[in-house]
There are 2 protein chains.
Amino acid sequence: MPYDPSAFPPFAVTVDLVVLTVRRHALCALAVRRGEPPFQGRWALPGGFVRADEDLAQAAARELAEETGLQAHDPAAPVQDHGAHLEQLATYGDPKRDPRMRVVSVAHLALAPDLPAPRAGGDASNARWAPVEELLAQGGYGRDGEPVAPLAFDHAQILADGVERARSKIEYSSLATAFCPPEFTVGELRRVYEAVWNVALDPRNFHRKVTGTPGFLVPTGGTTTRQGGRPAQLFRAGGATLLNPPMLRPEV
Amino acid sequence: MPYDPSAFPPFAVTVDLVVLTVRRHALCALAVRRGEPPFQGRWALPGGFVRADEDLAQAAARELAEETGLQAHDPAAPVQDHGAHLEQLATYGDPKRDPRMRVVSVAHLALAPDLPAPRAGGDASNARWAPVEELLAQGGYGRDGEPVAPLAFDHAQILADGVERARSKIEYSSLATAFCPPEFTVGELRRVYEAVWNVALDPRNFHRKVTGTPGFLVPTGGTTTRQGGRPAQLFRAGGATLLNPPMLRPEV
DNA sequence: AGTGTTTATCGTCAGGCAGACGACTATGAT
DNA sequence: ATCATAGTCGTCTGCCTGACGATAAACACT
């Protein structure tokens, strides 16, 4: 029996991106300003429609490249080549989440080092890195005291879910290295954890933990003083993806 | 500007369910036989189209009730009332995953105690609990030696992802109690872990661990001998949802 | 009634790991 | 020279886990 198109309602399917990075000791997310209704002028997560012949991961990688110029990793490959980590986050399909029509959005989570400057269709004023704390302070006030409108659609929920995923996943995986440049120091990696978790970690215990976990870090032989103080060893991310035992987030 | 329907391709959106339970010391999943092409006669995961006015979680709960009669929990509520745990798993949208048309499937994971007998539209022969090992043995042979066809569509991948989610999530959450009846013994809970992980656990260390984790188990005061041997205390699931420190899956 | 089997439960001990923190090292700034 | 800043190595203590001995309370036999 051929399929009956009237047997199911048509949906629009989009991908939305939670793109996280660490800037100035704060966890930041990429936000773009909406140029058209609904929510015109409000900040939102980058995203767009999935094309007819495109896989979901392809669509997310395409949107990521369009917004940031970042190439997504092959998720199965170790974090070695330059580019962002990209993984599926969750799917949001409330019938009323878009007032225009029935839209199901497959949210993805991307983690990137600090390097890139935002660009949204070449217009920098319509894209920015904002501290997640600020973006999630719904109806509150930003760091410069001006009122901040909440994100468009259900994007505050999506962002919150993405942040929580990142916070929990760096506990038991080597994902935190996705926030670092290809070569980095133990101190830089520690500052990533501190920014994502918003806690202070003991530098000595952290150093013991990460250098003692087999396969997590590989020394490159070089050193750097870019942080000031005594020169620090440079490392690359090792092949290990799962940390066992995990890096424990401090209690409260 | 009104929206332009030609600006995006239409999709069908479905929910597919990975319903897991523990039967006779084995982790089993609910499979239904397909009554129509494509993959007619093959086993598949239960699922169906999301309706026009329905949230994704609602659609998953409806399908679960239709297939098993189980009521889904409110995900936020503690695991106390009877019914199945239900959570979103992942979304599968390969353009070729359904030969008929472009279908995006939002897979959900449900965990249920052993009680229910399968029913699919009243026809029991078209639904069964099968050990996941058997369902995932693509092109292999079942326990009775007859050849087993792989699951329809990409359902083997979805099932594998759901099983992996369950296996990892019982490590750090109280989710394993969702496989148990409302009142259960430490031994029954241990057999759940053993079935899901397919390992043998030390009864003494397991008992120490689960009874020593605050909020995990609440004694009801009753005892039972339904397993034979010395009577065991009965417990209910406590309010804790996250186990800290986690229950560690044995190496290798 | 006694014996064996089964399951539950409590205890003990050694090793590993994490948190707290002291000490030393190697840079640049004043 | 002195100080400030980071990085790195050690030590100690407490907690948790894995391994495993021992006891308890039921049932099935004989």
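Here is how names work: the chains are called A, B, and so on, in the same order as the sequence lines, proteins then strands, and each is numbered from 1. Atoms considered below: every heavy atom in the structure, side chains included; atoms not considered: hydrogens, waters and symmetry mates.
Under the 4.5 Å side-chain criterion, counting only non-hydrogen atoms from C-beta, Tyr172(A) is in contact with Lys169(A). Leu201(A) is listed as a side-chain neighbour of Pro250(A), based on a closest heavy-atom distance under 4.5 Å. Residues Lys209(B) and Thr213(B) meet the side-chain proximity criterion, which asks for heavy atoms closer than 4.5 Å.
As rounded to whole Å, 14 Å separates atom C1' of dG7(D) from atom CG of Leu217(A). Rounding to whole angstrom units, CZ of residue Phe235(A) and C1' of dT8(D) are separated by 10 Å. Spacing between atom CG of Leu189(B) and atom C1' of dT9(C) amounts to 16 Å, rounded to whole angstrom units. Atom P of nucleotide dA8(C) and atom CZ of Phe184(B) are separated by 13 Å, given to the nearest angstrom. As rounded to whole Å, 15 Å separates atom C1' of dT5(C) from atom CD of Gln227(B). Distance Asn244(A) CG to dC17(C) P: 10 Å, rounded to the nearest Å. Atom CG of Leu234(A) is separated from atom C1' of dT8(D) by 15 Å (rounded to the nearest Å).
Side-chain contact annotation: Asp16(B) with Tyr92(B), donor-acceptor N/O pair under 3.5 Å absent.
Between the side chain of Arg230(B) and the base of dA8(C) there is at least one donor-acceptor pair of N/O atoms closer than 3.5 Å.
Residue contacts for Arg190(A): at a heavy-atom cut-off of 4.0 Å it reaches the sugar-phosphate backbone alone, with no base atom in range. Residue-level contact check: Arg226(A) touches neither bases nor backbone, having no heavy atom under 4.0 Å from any strand.
DNA chain D is contacted by both Thr211(A) and Gly229(A); Gly229(A) maps to the nucleotide lying nearer its 5′ end (nearest heavy atom per residue).
Checked against dC10(C), dT8(D), dA6(D), the side chain of His207(B) finds its nearest nucleotide in dC10(C).
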Exercise for the section: Take Arg128(A) and Glu134(A) through the salt bridge (charged side-chain N to carboxylate O under 4.0 Å, His left out) test and state the conclusion after the steps. Expected result: CA-CA 12 Å; Arg128(A) 64 166 183 151; Glu134(A) 183 178 323; 3.3 Å; yes

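At least one cation-pi condition fails for Arg24(A) and Trp129(A): the charged atom is not both under 6.0 angstrom from the six-membered ring centre and inside a 45 degree cone around its axis.
A salt bridge does not link Glu183(A) to Arg236(A): none of the charged side-chain nitrogens sits closer than 4.0 Å to a carboxylate oxygen.
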Completion exercise
Each nucleotide of nucleotides 14-21 of chain D classed B (base within 4.0 Å of a protein heavy atom), S (only sugar-phosphate) or -, in 5' to 3' order, makes ---BBBBB

